[in-house]
Amino acid sequence: MSIVLGCDVKMSAEEFRLLRDMIHEHCGIRFDDDLKYLVERRLAPRLALHDLGDFTAYHRFLRFSHDREKEMEAAVELLTTNETYFFRENYQLRAFSEEILPELHDRNRSGKRLRIWSAGCSSGEEPYSIAILVLESGLFHGWNVEIFGNDISQKVLALARGGEYASRSFRQTDEDVIRKWFEPCEKGLRVSEKARKLVTFGHLNLLDERRISLVGRVDVIFCRNVLIYFDKQAKLRVLRTFYDRLGRGGYLLLGHSESLMGLTADYELVHLEHDLVYRKPEGGQQHGWSTKIGDAS
Ligand SMILES: C[S@@+](CC[C@H](N)C(=O)[O-])C[C@H]1O[C@@H](n2cnc3c(N)ncnc32)[C@H](O)[C@@H]1O
């Protein structure tokens, strides 16, 4: 049972375990025991909103109420980390524009189609950076270029669709890029129409394999600073989904602190000049994932 102190409701260890497991099952994010305080603090406003006396009642609400799906979305909004900015991990983006894009240009020349997925795109800085790099490369005039950004949080997707950003989003953006691809707006800077036209956004949970099959085949997946919050089982589920979505020889770009070591050998590690990236092997089966969930130690 929770202990009520004034208007502060404390979360017991058992309540934490129940809520943490539910959230993990829903979206893959894993909270270790030392993060109980964070879950407690972030979810506390939901108790007040629904007039619930403790976290046991909140857990019941999340499990059984009519509004349980809506409430889970609200809880996840409060628990995700949405930190992002334009041109994050610049050296990797250099590898993308100087090495990967020319290769894809040659490979897809006959169909003139390029498809890129920014999985866990937060407020949109990542997919818009990708769009600017594709345009800057000058390789894809007259091509059908599609960049798809998805996130589990509706709040950040609304910001992404707005395409307007304050200065903190530009901590790593060159002045000439700003002059060329952004225009002033009340909030700060708005992404140019030309770049915006390449990007579409959608609400998608990376653990929802059924809906993700609608994404279609892609050439590159950016999934940076998302899987770090997942446990091994959830990471493997998502990596298998990515494997199925990638065309043969398609690239998977993770955040700089993330690696597939100890998870799966189904992707090959490619040493590009500017970065190490992962790739689905040229000879890879379209549905040939060999790592069993639970296999990796
Ligand atoms: C730290 S941000 C990373 C943004 C961007 N990729 C970058 O590197 O700058 C992580 C994003 O992943 C999203 N996310 C977490 N779990 C997710 C899931 N199961 N499905 C889709 N998006 C998820 C969060 O909402 C958050 O916006």
Side-chain angles (χ1 to χ4, degrees), residues 20-31 35 38-39 42 69 72-96 116-133 147-163 165-166 168-173 191 199-215 218 220-242 245 251-259 275 277-278:
R20 166 180 75 180
D21 290 353
M22 243 186 122
I23 286 150
H24 170 249
E25 198 184 311
H26 175 72
C27 68
I29 298 175
R30 184 88 199 163
F31 291 95
L35 289 177
L38 187 132
V39 176
R42 294 205 182 162
E69 280 178 26
M72 182 53 91
E73 271 192 27
V76 168
E77 292 278 0
L78 293 166
L79 293 170
T80 49
T81 302
N82 309 117
E83 163 74 1
T84 187
Y85 48 92
F86 284 99
F87 300 99
R88 187 175 193 177
E89 292 170 27
N90 222 341
Y91 57 92
Q92 187 184 58
L93 296 180
R94 262 184 85 189
F96 170 70
I116 299 170
W117 180 15
S118 165
C121 66
S122 189
S123 36
E125 287 91 329
E126 181 176 276
Y128 287 133
S129 302
I130 296 166
I132 290 169
L133 291 171
I147 299 163
F148 174 53
N150 89 279
D151 205 280
I152 200 169
S153 160
Q154 296 278 18
K155 204 166 68 197
V156 290
L157 286 172
L159 295 171
R161 291 190 181 102
Y165 298 93
R168 66 177 175 279
S169 293
F170 297 97
R171 65 190 88 155
Q172 216 170 290
T173 313
V191 184
V199 186
T200 47
F201 292 100
H203 183 235
L204 204 58
N205 178 352
L206 290 174
L207 289 195
D208 187 346
E209 284 99 350
R210 198 180 50 81
R211 285 207 58 223
I212 284 182
S213 62
L214 303 175
V215 171
V218 293
V220 185
I221 298 174
F222 283 81
C223 186
R224 307 190 304 168
N225 310 299
V226 179
L227 298 181
I228 33 170
Y229 302 104
F230 289 24
D231 76 340
K232 199 175 265 185
Q233 300 295 309
K235 279 182 191 168
L236 279 172
R237 265 178 76 178
V238 175
L239 289 167
R240 182 171 58 182
T241 305
F242 287 167
R245 292 298 100 225
Y251 286 93
L252 171 63
L253 305 189
L254 301 173
H256 75 273
S257 60
E258 301 168 283
S259 126
D275 199 11
V277 296
Y278 290 99

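Whatever order the structure lists them in is the order used to number ligands and atoms, beginning at 1. A quick note: this is a predicted structure, and the numbers were derived from the prediction, not measured.
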In this structure, does ligand 1 have an atom that sits under 4.0 Å from one of the heavy atoms of Asp208? no
Atom indices of ligand 1 within 4.0 angstrom of Glu126 heavy atoms, with elements: 5 (C), 6 (N), 7 (C), 8 (O)
Rounded to the nearest 0.5 Å, how far does CG of Asn82 lie from OG1 of Thr84? 9.0 Å
In terms of atom number and element, which parts of ligand 1 are under 4.0 angstrom from non-hydrogen atoms of Ser122? 4 (C), 27 (O)
I need the atoms of ligand 1 closer than 4.0 Å to a non-hydrogen atom of Gly120, numbered in the order shown. 3 (C), 4 (C), 5 (C), 6 (N), 11 (C), 12 (O)
Charged N to carboxylate O below 4.0 Å: is that the case for Glu83 and Arg171? yes
Taking atom types as modelled, is there a side-chain donor on Asn150 or His203 under 3.5 Å from an acceptor on the other? no
With a heavy-atom distance limit of 4.0 Å, tell me whether Arg224 approaches ligand 1 through its side chain, its backbone, both, or neither. both
Give the atoms of ligand 1, by number and element, whose distance to some non-hydrogen atom of Cys27 is under 4.0 Å. 19 (N)
Candidates Leu157, Ile29, Thr84, Ile23; heavy atom nearest atom 15 (C) of ligand 1 found on Ile29
Decide, yes or no, whether a salt bridge links Glu126 with Arg224 under the criterion of side-chain N to carboxylate O below 4.0 Å. yes
Examine Asp151 against ligand 1 and note whether any of their N/O atoms are separated by less than 3.5 Å. yes
Hey, what's the ring geometry for Tyr128 with Tyr165, parallel, tilted or perpendicular (30° and 60° as the breaks)? perpendicular
Is it true that Arg237 and Asp208 make a salt bridge, defined as a side-chain N closer than 4.0 Å to a carboxylate O? no
Does only the side chain of Phe222 get under 4.0 Å from ligand 1, or the backbone, or both, or neither? Count heavy atoms. neither
For Gly255, is there any backbone N or O sitting under 3.5 Å from a side-chain donor or acceptor partner on Glu89? no
Arg88 N/O to ligand 1 N/O under 3.5 Å: yes
Could you go through Thr241 and Ser213, starting from their C-alpha distance and side-chain angles, then the distance that decides it, and tell me whether this counts as side chain to side chain contact (heavy atoms under 4.5 Å, CB included)? CA-CA 8 Å; Thr241 305; Ser213 62; over 6 Å; no
Considering the heavy atoms of Leu204, write down every atom of ligand 1 situated less than 4.0 Å from one of them. 20 (N), 21 (C)
Closest non-hydrogen protein atom to atom 17 (C) of ligand 1, residue and atom name please, with distance? Ile152 CG2, 3.7 Å
Nitrogen or oxygen atoms of Leu206 and ligand 1 under 3.5 Å apart: yes
Out of all atoms in ligand 1, which are within 4.0 Å of some heavy atom of Thr81? Include the element for each. 1 (C), 2 (S), 10 (C), 11 (C), 26 (C)
N or O contact, Cys121 vs ligand 1, cut-off under 3.5 Å: no
Examine Tyr91 together with Phe96 and report whether their ring centres are nearer than 6.0 Å. no
Aromatic contact between Phe222 and Tyr251, with the criterion being ring centroids under 6.0 Å apart: yes or no? no
Numbered atoms of ligand 1 (with element) below 4.0 Å of Asn225, judged on heavy atoms: 1 (C), 2 (S), 3 (C), 7 (C), 8 (O), 10 (C)
